[in-house]
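Read through the structure below, which is laid out as structure tokens, and then see the notes.
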2 protein chains.
Amino acid sequence: MSKAANTRLNILHKAFELIYTKGYQTTSIDEIIATTQVTKGAFYYHFKTKDEMGVAIIEEILKPTMQENFIKPTKTAQNPVEDFYNMISYLLLEDPFLQVKYGCPVGNLTQEMTPWNNKFSEALAELVDLWKTTIINSIENGKESGLIRKDVVGEQVAFFILSGYWGIRNFGKLQNDNSSYLVYLKELKSYLNGLK
Amino acid sequence: MSKAANTRLNILHKAFELIYTKGYQTTSIDEIIATTQVTKGAFYYHFKTKDEMGVAIIEEILKPTMQENFIKPTKTAQNPVEDFYNMISYLLLEDPFLQVKYGCPVGNLTQEMTPWNNKFSEALAELVDLWKTTIINSIENGKESGLIRKDVVGEQVAFFILSGYWGIRNFGKLQNDNSSYLVYLKELKSYLNGLK
DNA sequence: GCTTTTTCATACTAATTAGTATTTTTTATG
DNA sequence: CATAAAAAATACTAATTAGTATGAAAAAGC
């Protein structure tokens, strides 16, 4: 990787971490360049505006991460019900990057930037749609293989699961401990079993 | 109501509307006093800081509203399953103040202010706990009257319902139309029926 | 009516913000 | 090596921010 591409990625990564923990609006460019040890000239060489950087984070950091962690695994998936539970459980309890008190990066950005910034909205909507579609496909597969009831509606379940995930992430932020996660996961398991 | 108390409430109401639509951090005091037609002197007479005003909004605007709309109605509740559905459905589709594109005021504030502002966290946690407890009580009543299965765990269901609500509100913001609400509500009904 | 306290108005400050203008250094290319 | 282009460094600006200092008007108490 060229040195220039490296500084660019460095900015994106560090900025993402700051934004994840502090929020987008309250993370200043001065703060970003201070933690990246990059000057303002370099920053604005790579990004025309702060918002352009924000969208780049979504497309170049969040999207690939999601592809890798959520989309790819379902290709080799066997049992949708178990897979969904494991996916959510992993994200809530085990993912090494995500922290209870900071919530879900995608959820945070969605909450903060929509409906005021169209570029953000579009980039985030694309992400979420990708995830949603993956879940729907998984459910359809499950219906064909007989692991899921035929009358289950994939889109409904997808919205239900993802909404619950975003919501409980917000509860986690509020309470700053994962006890709510544990309670939630029990009910999620019960709900998912109802799809069989 | 005295004139002073009136200006105070006026500030709280207008500020709340601005914060609901724009977010807390991006709503400036200058903007608040401009829309309220109140001077900075008056503002800082009533509130020592912006954050103090923010907490006052939670306690003096959001809390009473929630009491009136969520807590009170359950006193005369008959069927928990139907009541939950109607409550969420009303909030999503019919409440005259709430708008799809602006999400849930409590959810928004939680997302934006936790875990960085303890005062906000505490005030919000109190609110949410109130709502949660109400749901749990309602479920216990339902279990006694035989409308809900005995093996249903109230706390789990409460978290599940509230999480879903917060989450789908975020979806609404993202898409800026209520189509996701409609899909979500169908699955919610299906889930709630499973509690019978 | 006079005084005190409450309530509000005006003008300011110091810090922070995103972004720019300009120059310098580094890298690529012939 | 020479030159051009890419990448980065420095110093600045104009606007916005929360909050303050100080004084004036309104209301309350006697």
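Proteins come first, then strands; the chains are lettered A, B, ... in the order of their sequence lines, and each starts at number 1. Any value given below was found using the heavy atoms of this structure, including those in side chains, with hydrogens, waters and symmetry copies removed. No experiment lies behind these values; they were computed from the predicted model shown.
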For DNA chain C, find the residues of residues 5-18 of chain B with a heavy-atom distance under 4.0 Å and give them by number; none if there aren't any. B:T7
Reading DNA chain C 5' to 3', which nucleotide is the first, and which the last, to come under 4.0 Å of any heavy atom in chain A? C:dT17 to C:dT27
Cut-off 3.5 Å, side chains only: do A:N10 and A:K14 have a donor facing an acceptor? yes
Is it true that A:F97 and A:F16 have ring centroids separated by less than 6.0 Å? yes
Nucleotides 22-28 of chain D: which of its N/O atoms have a protein N/O under 3.5 Å away?
none

Donor + acceptor pair across side chains of B:S179, B:D177 (<3.5 Å): yes
Between B:L62 and B:V106, which heavy-atom pair has the shortest distance, and what is it? CD1-CG2, 4.2 Å
Taking only side-chain N and O atoms of A:H46, does any of them lie within less than 4.0 angstrom of OP1 or OP2 on D:dA8? yes
Carboxylate-amine/guanidinium contact B:R8 B:E60, below 4.0 Å: yes
Within residues 37-44 of chain B, find the residues that approach DNA chain D with a heavy atom at under 4.0 Å, and present them sorted by residue number. B:K40, B:Y44
N-O pairing of A:K72 and A:E68 below 4.0 Å: yes
Would you please say whether a donor-acceptor pair under 3.5 Å links the side chains of B:Q78 and B:D83? no
I need the minimum non-hydrogen distance between A:I148 and A:P80, along with the two atoms involved. CD1-CB, 3.8 Å
Looking at side-chain heavy atoms only, is the closest gap between B:V157 and A:Y191 below 4.5 Å? no
Heavy-atom closest contact (B:Y20 atom, B:C104 atom, distance): CE1-C, 4.3 Å
Could you go step by step and tell me if B:L147 and B:K196 meet the side-chain contact (heavy atoms from CB on, under 4.5 Å) rule? CA-CA 6 Å; B:L147 290 165; B:K196 284 181 186 169; over 6 Å; no
Please list all pairs passing the ring-ring contact (aromatic ring centres under 6.0 Å, His included) test where one or both residues lie in residues 50-90 of chain B, with sequence neighbours left out. B:F70-B:W131
Of all heavy-atom pairs linking B:I11 and B:V38, the shortest is CD1-CG1, 4.0 Å
Contact residues, residues 113-122 of chain B to DNA chain C [heavy atom, < 4.0 Å]: none
Under 3.5 Å side-chain donor-acceptor pair for B:D51 and B:Y24: yes
A:Y44 six-ring face occupied by A:K50 cation (under 6.0 Å, within 45°): no
